[in-house]
Amino acid sequence: MTNPLELIEEIYKEHYVYLRNFLRGLTKNDDFADDIIQELFAKILVKPSSILDVTYMKSWLVKGVKNTLLDHYKKKTPELLMDENIIENILIDNQTPEIKAMINDQIQSILGDLSSKDKAILLAKIHYGYDYQEISELLNTPVSTLKSKVFRMRKRLAKER
């Protein structure tokens, strides 16, 4: 069996350029993109068994860097957060082909009718599991507004099933 550290190093070498370009598109900062990748791989090194059951490595890594980036924003609230388009892009637009293929056609058509902010709210709540307070901080929207929007969007989803 391959040494886990060698496997992690192979994965890093194979996917680094893709992950860096992906993050540069979101952050517009090479050093910050490198920091996020380094943080993700540090987490993997702490628990190398986490990569053994991964079927689609690129998708898994993209989701990992997105979550690491969102975690960083939640902890630090850097100036990049002031541009809400970055958060919306993380939550919506930068899905890998594997993830896009898994999204239900019916839900995709409903999401297509929503504003980018509403898409971000719905995906953050339902798909990524953030609570209302976290979404409120990320998108600078009152919790009461978020609850109303999610309720109306869920009601609409149920009606169109």
Side-chain angles (χ1 to χ4, degrees), residues 1-108 111-112 114 116-141 143 146 150:
M1 184 166 171
T2 307
N3 177 346
L5 296 178
E6 290 175 5
L7 180 61
I8 293 169
E9 186 175 353
E10 285 177 34
I11 292 168
Y12 180 85
K13 286 177 181 176
E14 182 179 343
H15 297 285
Y16 169 78
V17 172
Y18 178 83
L19 293 173
R20 188 165 195 255
N21 289 335
F22 174 80
L23 285 167
R24 277 181 29 209
L26 294 173
T27 65
K28 313 291 187 251
N29 183 322
D30 293 346
D31 294 333
F32 189 54
D34 286 337
D35 290 345
I36 297 299
I37 293 169
Q38 181 178 0
E39 192 173 329
L40 173 65
F41 276 89
K43 291 176 190 175
I44 294 170
L45 285 169
V46 169
K47 189 177 176 193
S49 62
S50 63
I51 61 169
L52 297 178
D53 295 329
V54 176
T55 305
Y56 299 105
M57 186 57 67
K58 187 185 277 187
S59 299
W60 187 83
L61 290 170
V62 166
K63 187 171 184 175
V65 293
K66 286 195 294 190
N67 289 338
T68 303
L69 183 59
L70 286 170
D71 288 346
H72 181 78
Y73 283 146
K74 286 193 289 186
K75 289 177 195 167
K76 309 266 181 179
T77 328
E79 15 356 289
L80 288 174
L81 242 186
M82 301 308 166
D83 182 1
E84 68 183 34
N85 291 332
I86 290 175
I87 296 299
E88 290 173 5
N89 284 338
I90 292 170
L91 295 173
I92 300 169
D93 296 327
N94 294 301
Q95 297 174 343
T96 62
E98 293 89 354
I99 293 172
K100 285 182 180 178
M102 293 169 35
I103 294 177
N104 183 311
D105 290 336
Q106 188 179 36
I107 293 173
Q108 188 66 16
L111 288 177
L114 299 175
S116 63
K117 191 166 190 172
D118 285 350
K119 285 181 199 176
I121 292 167
L122 191 62
L123 289 172
K125 180 66 182 151
I126 295 172
H127 184 70
Y128 293 105
Y130 288 93
D131 64 34
Y132 289 111
Q133 186 60 41
E134 291 171 325
I135 300 168
S136 173
E137 292 168 10
L138 287 171
L139 298 177
N140 198 24
T141 304
V143 171
L146 294 172
V150 169

Do Ile51 and Met57 come close enough that some side-chain heavy atom pair is under 4.5 Å?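 Side chain of Ile51 against side chain of Met57, heavy atoms only: contact under 4.5 Å found.
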
Are the side chains of Phe32 and Leu69 in touch, meaning some heavy atoms are under 4.5 Å apart?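 In short, these two side chains touch, coming nearer than 4.5 Å.
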
For the pair Asn67 and Lys63, evaluate side-chain contact (heavy atoms from CB on, under 4.5 Å) and give the outcome as yes or no after the intermediate values. CA-CA 6 Å; Asn67 289 338; Lys63 187 171 184 175; 3.8 Å; yes

Determine, step by step, whether Leu7 and Leu52 satisfy the side-chain contact (heavy atoms from CB on, under 4.5 Å) criterion, reporting the C-alpha distance in whole Å, the side-chain angles of both residues, the deciding distance to 0.1 Å, and the verdict. CA-CA 10 Å; Leu7 180 61; Leu52 297 178; 4.2 Å; yes

Quick check against the 3.5 Å criterion: does Glu14 have a side-chain atom that pairs as donor or acceptor with the backbone of Ile11?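 Checked: no pair found.
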
Rounded distance (nearest 0.5 Å) linking atom [atom1] of [X] with atom [atom2] of [Y]:
X	Y	atom1	atom2	result
Lys43	Gln38	NZ	CD	12.5 Å
Ile36	Asp31	CD1	CG	12.0 Å
Thr68	Asp35	OG1	CG	12.0 Å

Enumerate donor-acceptor pairs with a distance under 3.5 Å from any side-chain N or O in residues 19-26 to protein atoms, sequence neighbours excluded.
residue: Arg20; atom: NE; partner: Tyr16; partner atom: OH; Å: 3.1
residue: Arg20; atom: NE; partner: Asp34; partner atom: OD1; Å: 2.7
residue: Arg20; atom: NE; partner: Asp34; partner atom: OD2; Å: 3.4
residue: Arg20; atom: NH2; partner: Asp34; partner atom: OD2; Å: 3.4
residue: Asn21; atom: OD1; partner: Arg24; partner atom: NH1; Å: 3.4
residue: Asn21; atom: ND2; partner: Val17; partner atom: O; Å: 3.3
residue: Arg24; atom: NE; partner: Asp30; partner atom: OD1; Å: 2.9

Run the numbers on Tyr12 and Ile44 for side-chain contact (heavy atoms from CB on, under 4.5 Å), then give the verdict. CA-CA 10 Å; Tyr12 180 85; Ile44 294 170; over 6 Å; no

For Tyr132, enumerate each residue passing the side chain to side chain contact (heavy atoms under 4.5 Å, CB included) test, keeping only those at least two apart in sequence or located in another chain.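 Scan of Tyr132 (side chain to side chain contact (heavy atoms under 4.5 Å, CB included), adjacent residues dropped) gives Lys125, Val143, Leu146, Lys147, Val150.
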
Can you name the closest pair of heavy atoms from Pro48 and Ile8 and give their distance?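 What the structure gives for the nearest pair is CB-CD1, 3.8 Å.
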
Side-chain donor-acceptor pair under 3.5 Å between Thr141 and Lys117, yes or no?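 There is such a pair (donor and acceptor under 3.5 Å, judged by atom type) between the side chains of Thr141 and Lys117.
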
